[in-house]
Undergrad: 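This is the structure I want to talk about, given as structure tokens.
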Amino acid sequence: MDEDQTQQEEGEIQSVKIKKDKLTKQSKGQAFITFRNRDSAEQARKKFNNQVFIENKIRVKPYFNFHKVDKKANIFIRNLPEDADYLELEQEFSRFGKVLSVDVHRDQSGKQLNYGYLQYETKEDAEKLMKRILNHPITHKGKLMKLEKFKDLSERKANQHLFTQEHLHLNIVVRSFEYGWLLVIKDYLTRVQGDQVMDCFVRIDSVTKQPWAIVTFETYKEAKANLDKCEALRKHPCFNSNSQKVIELIKKYGPPVNSDGSISFTIEQITPFFEEMNKDPHDIFKGENDNFFFNLAYNNLLKIDERLMVIQNIKKDVTKDQILEFLSQFGRVISLKIGKTKNSRIQFQQCFVHYQTMQDLKRARSELFDDKNEKTIKQRKEIFKDGHPVESTKKKLQSWQSIVQG
DNA sequence: TCTTATT
């Protein structure tokens, strides 16, 4: 670049200092240029910012003493696009007050990250912007920016504390629901039906939020009778309980005890939730929805779940939602887990799909491999390599079952 | 992802 020309165009330069590391004498890739007047500096910045200089794109921004800025006038920006342009951002934010700086964070290699900081001169300006975005969100290059006031470490820690409190709270609720279901099921099966229940456990799926249970009966006959009932009704009559009944059962049997002897929750802790639910027409313990299924183990030797299928040969880039949509057309999917094949050479996915009933799975199996159904064939091409789903064999399934259940 | 290569 011709220096004389630059000076003429951009105003007189007072000083140029290139920063070097004190020890290594290596350039830090940073320079300070002082112009004789503010306008020249601003003009130069607009002209040279983001220009390629020799081989690097240079970023030109005004200097200010960041030790003296008001942190209350600082805004944290998330969700920035890859090609965020801070001059454009600055222009946009300047509509609400005097912007001191806009910084887009970068990693060590210089790659732009999708967050940054906006520094106003006064906190009033920052507040003006925050107020404004409540009703008028701001987008940058088509992406909605998420703006929050800057929080220092202690504020973030305080929030984190709040979150863990909430989380803990949620865990208690989940645990009480699982235990509630367990008592309802056991009570009905043993007291009402007179079945001999060997084992029962209930979990609420953390992803789908749906409860599911595994009940093991003493005899095949009991298991089969209950299974038939489930298949016919698509739910079990014992689900016709309610939250009032659940809290009574918990009071009767007491809260569950953890392996270390402590109790998972106190009745006082969970009573409000059950009382609240009792007022709700959608009380999940009324059994009015079918987000529940039975997994009946006939005996210890044959533990393969008849509702579980492992499908392989799924293309790498197919999402869980796509798989779910595809598999749901054959029957009600209770849970779906996707995973990469263990062999790293094979770059395909597999999924574990749990249907609500054996009938659903049978239907899925027959339709999945039906080579005459044109609609399915077309869909298969989108999801599976060469359009061919592969079902895992029972032997393999058995070895995986422990993983799925765990 | 709540900072900053600051004469």
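This structure is a prediction, so every number in the text was calculated from the model and none was measured. By convention in this document, chain letters (A, B, ...) are assigned in the order of the sequence lines, proteins followed by strands, and residues within each chain are numbered from 1.
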Undergrad: Does the ring of A:F150 meet both stacking tests against the six-membered base ring of B:dC2: centre distance under 5.5 Å and plane angle under 30°?
TA: no

Undergrad: In plain terms, say whether A:E42 and A:K47 are close enough for a salt bridge, that is, a side-chain N and a carboxylate O under 4.0 Å apart.
TA: no

Undergrad: Parallel, tilted or perpendicular: which one describes the rings of A:W181 and A:F285, with boundaries at 30° and 60°?
TA: tilted

Undergrad: Take the protein atom CD of A:Q30 and the nucleotide atom P of B:dT4, then report the distance between them rounded to whole Å.
TA: 13 Å

Undergrad: For A:D107 and B:dT3, what is the distance between atoms CG and C1' respectively, to the nearest whole Å?
TA: 14 Å

Undergrad: To the nearest angstrom, how far is A:L118 atom CG from B:dC2 atom C1'?
TA: 13 Å

Undergrad: Just how far, in rounded Å, is P of B:dT7 from NZ of A:K19?
TA: 6 Å

Undergrad: Could you give the distance from CZ (A:F177) to CZ (A:F274), rounded to the nearest 0.5 Å?
TA: 5.0 Å

Undergrad: Quick one: label A:N114 by what it contacts on the DNA or RNA (base, sugar-phosphate, nothing), any heavy atom closer than 4.0 Å.
TA: base

Undergrad: Parallel, tilted or perpendicular for A:F384 and A:F326, by the 30°/60° rule?
TA: perpendicular

Undergrad: Using the side-chain heavy atoms of A:Y115, tell me which of these nucleotides is nearest: B:dT1, B:dA5, B:dT7.
TA: B:dT1

Undergrad: For the pair made of NZ in A:K17 and C1' in B:dT7, what is the distance, rounded to whole Å?
TA: 5 Å

Undergrad: Taking CD from A:E155 and P from B:dT3, how many angstroms apart are they, rounded to a whole number?
TA: 11 Å

Undergrad: Just how far, in rounded Å, is P of B:dT3 from NZ of A:K151?
TA: 12 Å

Undergrad: Ring centres within less than 5.5 Å and planes less than 30° apart: is that true of A:Y117 and B:dC2 in this structure?
TA: no

Undergrad: Quickly work out the A:Q119 CD to B:dC2 C1' distance and round it to whole Å.
TA: 12 Å

Undergrad: Flag this pair as yes if the NZ/CZ of A:K128 is under 6.0 angstrom from the six-membered ring centre of A:F96 and inside a 45 degree cone about the axis; otherwise no.
TA: no

Undergrad: Base, sugar-phosphate, or nothing for A:R59, non-hydrogen atoms under 4.0 angstrom?
TA: base

Undergrad: Using the salt bridge (charged side-chain N to carboxylate O under 4.0 Å, His left out) rule, collect all pairs that involve residues 106-116 of chain A, keeping only residues at least two apart or in two chains.
TA: none

Undergrad: Among residues 74-103 of chain A, which ones have heavy-atom contacts with DNA chain B below 4.0 Å?
TA: A:N74, A:F76, A:R78, A:D103

Undergrad: For the base of B:dT4, is there a side-chain donor-acceptor partner from A:K71 under 3.5 Å away?
TA: yes

Undergrad: Apply the side chain to side chain contact (heavy atoms under 4.5 Å, CB included) test between A:L89 and each candidate in A:V99, A:L118, A:V102, A:D103; give the one that qualifies.
TA: A:V102

